[in-house]
Amino acid sequence: IHRDIKPHNIMVQPDGNAKVMDFGIARAGNSNMTQTGSVLGTAYYVSPEQAQGKPLTQATDIYSLGIVLYEAATGRVPFDAPDAVSVALKQVNEQPLPPRRINPDIDPAFEAIILRALQKNPVERYATADQMRTALNNYLAGRPINAGVPEPAAATRVIGAVGGAAAAGAGAAAGIGRIPANGTAVMPPLAGSQQPLTLSSSNRSRRDAQKEQAAKNKRTAIIVGAIAVLLVLIAALLIYLNVQGGSAEPTTVKVPSVIGATETEAERALLASKLKLGEVTLAASDTVAEGRVISQDPKEGETVEVDSKVNLTISSGKEPPKQVEVPPLRNLTPAAAEELLTSLNLKYSLGESKNDPEIAEGLICGQSVAAGTKVDEGTVIKYDVSKGKESTSITDYTGSDISEAEAALRNAGFEVSITEEYSSSVAADVVIRQTPSSGAGKSGDTIALVVSKGPEPVSVPDVSGYSYENAKSTLESYGFEVIRVLDVNSDDVPSGHVVSQDKKGDGYKKGERVTLTVSKGPATPPATTPPIP
C-alpha cells in the first residue's frame, strides 16, 4: 500500500509510460499502518480512513487515485482549506462536488468512475486497482463501465431511535467514525428535521400521543446533537495529534552510521532517525568511491538531541594527477625530444614518417598533442619524423568528404586550398572537383578543392489564405513537400483554405517539408448540457 498517491509522485515518461515514485511511507498490507507519530500522507490526497488513523487496505490508494483523476479532469482538488487538519476533516465529512459541475465536458460515465473511487466507505470503492483499470478500459472501449465489478452498496442504515443513536454515537466515539461492514452509518437529522417515530396505538388519544412523540423527538435531537459535536471534537483532536506526531516522542536519539552511503541515502537515513543533514564538505580519497560518505560528525552511536545536524565529508574521488605543459617538438631530433619529454615526466612514442617541405629529413615535423597543452604526468606524446621534400603522385578526391580529402592531401605533403559553392547534385561537405586531380607533385604544392555547400537556400512563399490545392501546387513548384496534418475551426478563413504554415521566408532548402493547417469553417456552437441536480 503506497499511502501517498498524488500527482507529485507520478512521473510520465516521454514514451507515455507512467511510473509511481517515492515509496517512503509505503507499507506491506499485513504491517501496522497507523502507529502514533507515523506519516499521515498529503492531506489533499489522503483517504478518510487514513485521516482517521484506521487500518488501511488497497482501497486507500484507490481513493487517492480518484482525487488525482478528479484534479486532472477539473483542474482542482475536491477538498481545499487553509490548513492540513481542515482538509483532512473535509475528506472524512464532506462529499465532493460532482466533476461535471466544474467541467460540463466530462463524460458522465467517466465521472461515475471518479466518484466511485471517492466513496467514503472503502467497501463501496473499487476493491482493487485491477477492477478500476477494467472499468477505465471498458469506458474507453464503449462497454458498460461496471461490467464484472460489483456495484456500491445500495442500502444505507439510518439510526432513528434514541437507543440506536446513542449506540451509534458510542461506537463512533470509540473508533472515530468506524464504518460498519454492511453499509455507511448516516447520523439522523438534527433538531427541526427529525424522522417521526411510530405513534402508539394504545389507550392514549391521538393528540396526547403526538405531544409525547414531539417531546421524544426533541430529546433525541439534543442527544444526537451533543454526540455529533463530541465526535467532531474528538476526530479533530486525533487528526491533529496524528499530523503533529503526538506529544510523547523521545527527545534524544542515537546517531546511525552513514559511512559509505551516498548523500541522498545518508539524508534519508538521518531523517528516519529524526536527525537533519548538516554541512557537506568534499575531500579527495583513494579508498572511498566518489560521491560516498568518508566520515560523519557526530559519529555512529553517539546520543544527540532530536533534530540535531550531522555533518558529512563526501569523497570527491582520487587526487587528480599533476599536470605539465607539453613542449614544442617541431625541428628537434628524436633524441632531443625524448630527453625533453622524459625530464617533464611525460612518455613518448614514434608516430609516422611523412613528407614535410619545411622540415629537414630526420627532424620532428609533428606531434600528437599540441605544444602548450596541459596534460597529466605520464601522458604519451607521439611524434612524427619528416622525410623531407619528395615527389609523390596526386590522388583525386572528387566525391570524397572534405575532411578525409584534406587530411590525406596534407599527409602526402601538399598544401590545400578550399573554396565552397552551392550544388543541387553533390551533398554538403563533399568535394565537387580537384585541381590538379592527377599526376605527380612535390611536397608543398597546393591542391585546390571545391567543396559543396549543398542545395542553394530558397524562400518559402506565404500561402496563407490560399485554397489547399493552390497552396500545395505553389509550394511543390518551389520544390517543397507539402503535408496537411490538421484542420481547425476558423471564423476568418473559409473552409478548405490555409490558416497557417510552419515555414515561410528565407533560409530553407528544396525538398523540405512544409506543414499546412487548413480551415474547416466556423466552429459549431457546443450543445448545452443540463446541470446535474
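When reading the values below, keep in mind they use all heavy atoms of this one structure, side chains included, and skip hydrogens, waters and symmetry mates. Values in this document were obtained by computation on a predicted structure and should not be read as measured data.
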Q: Crowded around Gln13 CD? As in, over 12 foreign heavy atoms under 6.0 Å?
A: yes

Q: Quick one: CD on Glu124 to CD on Gln119, what's the gap to the nearest 0.5 Å?
A: 5.0 Å

Q: Between Thr281 and Leu312, is a side chain to side chain contact (heavy atoms under 4.5 Å, CB included) present by the stated rule, with each step listed?
A: CA-CA 6 Å; Thr281 56; Leu312 304 180; over 6 Å; no

Q: Taking C-beta and beyond as the side chain, do Gln296 and Ile259 meet within less than 4.5 Å on heavy atoms?
A: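 They are in side-chain contact.
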
Q: Within 45 degrees of the ring normal and closer than 6.0 Å to the centroid, is that where the cationic atom of Arg116 sits relative to Tyr126?
A: yes

Q: Which value, rounded to the nearest 0.5 Å, describes the distance between Asn137 atom CG and Ile145 atom CD1?
A: 12.5 Å

Q: May I ask you to test the Tyr508-Pro457 pair for a side-chain heavy-atom distance under 4.5 Å?
A: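 Answer no - side chains too far apart.
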
Q: Hey, mind stepping through Asp376 and Thr379 against side-chain hydrogen bond (donor to acceptor under 3.5 Å, both in side chains) and telling me if it holds?
A: CA-CA 6 Å; Asp376 297 339; Thr379 299; 5.4 Å; no

Q: Is a side-chain N or O of Thr42 found less than 3.5 angstrom from the main chain of Tyr44, in a donor-acceptor match?
A: no

Q: Side chain to side chain contact (heavy atoms under 4.5 Å, CB included) for Glu71 and Tyr45? Distances and angles first, verdict last.
A: CA-CA 10 Å; Glu71 184 177 5; Tyr45 304 94; 2.7 Å; yes

Q: Measure the spacing between OG1 of Thr134 and CD1 of Ile113 and express it to the nearest 0.5 Å.
A: 10.5 Å

Q: So does Lys299 pair up with Asp297, basic N to acidic O under 4.0 Å?
A: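 No.
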
Q: Report yes or no: does Lys254 contribute a side-chain atom to a donor-acceptor pair with the main-chain N or O of Val304 at less than 3.5 Å?
A: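 The answer is no, because no donor-acceptor pair under 3.5 Å joins these two groups.
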
Q: Looking at Ser519 and Val493, would you say the former's side chain and the latter's main chain have a donor-acceptor pair under 3.5 Å?
A: yes

Q: Does Met132 reach the side chain of Leu65, with side-chain heavy atoms less than 4.5 Å apart?
A: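 Of all side-chain heavy-atom pairs linking Leu65 with Met132, at least one is under 4.5 Å.
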
Q: Rounded to the nearest 0.5 Å, what's the gap from NZ on Lys309 to CD on Glu279? Could you check?
A: 8.0 Å

Q: Hey, do the aromatic rings of His497 and Tyr466 have their centres closer than 6.0 Å?
A: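 For His497 and Tyr466, the ring centres are not under 6.0 Å apart.
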
Q: Please check this pair: side chain of Asp429 against backbone of Asp401, looking for a donor-acceptor N/O pair closer than 3.5 Å.
A: no

Q: Does Glu290 form a side chain to side chain contact (heavy atoms under 4.5 Å, CB included) with Ile314? I'd like the steps, not just the answer.
A: CA-CA 8 Å; Glu290 183 178 358; Ile314 294 180; over 6 Å; no

Q: Considering only heavy atoms from C-beta outward, does the side chain of Leu516 approach that of Val482 to under 4.5 Å?
A: yes

Q: Should Lys276 and Val310 count as side-chain neighbours, where that means a heavy-atom distance under 4.5 Å?
A: no

Q: Will you find, in the side chains of Ser47 and Thr60, an N or O donor that is under 3.5 Å from an N or O acceptor?
A: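 Checked: Ser47/Thr60 side chains pair up, N/O donor to acceptor below 3.5 Å.
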
Q: Looking at every non-hydrogen atom in both residues, tell me the closest pair between Pro99 and Leu115 and how far apart they are.
A: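 Taking Pro99 first and Leu115 second, the nearest heavy atoms are CD-CD2, 3.8 Å.
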
Q: Do Ser86 side-chain atoms and Ala81 backbone N/O form a donor-acceptor pair below 3.5 Å?
A: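 Pair absent, no side-chain N/O of Ser86 close to backbone of Ala81.
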
Q: Ignoring hydrogens and angles, state whether a donor on the side chain of Ser464 or Asp462 is under 3.5 Å from an acceptor on the partner side chain.
A: yes

Q: Who are the ring pair (Phe, Tyr, Trp, His ring centres under 6.0 Å) partners of Phe110, not counting sequence neighbours?
A: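 Listed in chain order: Tyr139.
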
Q: Just how far is it from atom CD of Glu94 to atom CG of Leu97, taken to the nearest 0.5 Å?
A: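 Spacing of CD (Glu94) from CG (Leu97) equals 11.0 Å.
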
Q: For residues Val87 and Asp80, report the shortest heavy-atom separation together with the two atoms involved.
A: CG2-C, 4.1 Å

Q: Check whether any side-chain heavy atom of Leu56 sits under 4.5 Å from a side-chain heavy atom of Arg3, and report yes or no.
A: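 Yes. Closest side-chain heavy atoms under 4.5 Å.
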
Q: Which atom names give the shortest non-hydrogen contact between Met21 and His8, and what distance separates them?
A: CE-O, 3.9 Å

Q: Under a 4.0 Å N-O cut-off, is there an ion pair linking Glu481 with Lys509?
A: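 Not counted as a salt bridge, because no side-chain N and carboxylate O are separated by less than 4.0 Å.
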
Q: State whether a side-chain donor-acceptor pair under 3.5 Å links Asn103 with Thr74.
A: no

Q: Sequence neighbours left out, what passes side chain to side chain contact (heavy atoms under 4.5 Å, CB included) with Ser316? Give chain and number order.
A: Leu282, Ala284

Q: As an exercise, state the distance from CZ of Arg143 to CG of Asn138, rounded to the nearest 0.5 Å.
A: 4.5 Å

Q: Which pair of non-hydrogen atoms, one from Pro48 and one from Gln91, has the smallest distance, and what is that distance?
A: CG-O, 3.3 Å

Q: For the residue pair Thr373 and Glu325, establish whether any side-chain heavy-atom pair is separated by less than 4.5 Å.
A: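 Side chain of Thr373 against side chain of Glu325, heavy atoms only: no contact under 4.5 Å found.
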
Q: Looking at Val46, Asp22, Val68, which one forms a side-chain contact (heavy atoms from CB on, under 4.5 Å) with Ile5?
A: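 Considering Val46, Asp22, Val68, a side-chain contact (heavy atoms from CB on, under 4.5 Å) with Ile5 is found only for Val68.
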
Q: Step by step, work out the side chain to side chain contact (heavy atoms under 4.5 Å, CB included) result for Val498 and Thr517.
A: CA-CA 6 Å; Val498 176; Thr517 302; over 6 Å; no

Q: For residues Lys120 and Phe79, report the shortest heavy-atom separation together with the two atoms involved.
A: NZ-CZ, 3.5 Å

Q: Are the side chains of Arg292 and Glu263 in contact, using a 4.5 Å heavy-atom criterion?
A: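 Contact flag for Glu263/Arg292 side chains = no.
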
Q: Please report the closest heavy-atom contact between Val293 and Ala266, naming both atoms and the distance.
A: CG2-CB, 4.2 Å

Q: Does the ring of Phe480 carry Arg513 above it, NZ/CZ under 6.0 angstrom from centre and within 45° of its axis?
A: no

Q: Crowded around Lys503 NZ? As in, over 12 foreign heavy atoms under 6.0 Å?
A: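 Above 12, so yes.
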
Q: In chain order, what residues pass the side chain to side chain contact (heavy atoms under 4.5 Å, CB included) check against Thr128, with sequence neighbours excluded?
A: Gln58, Asp130, Gln131

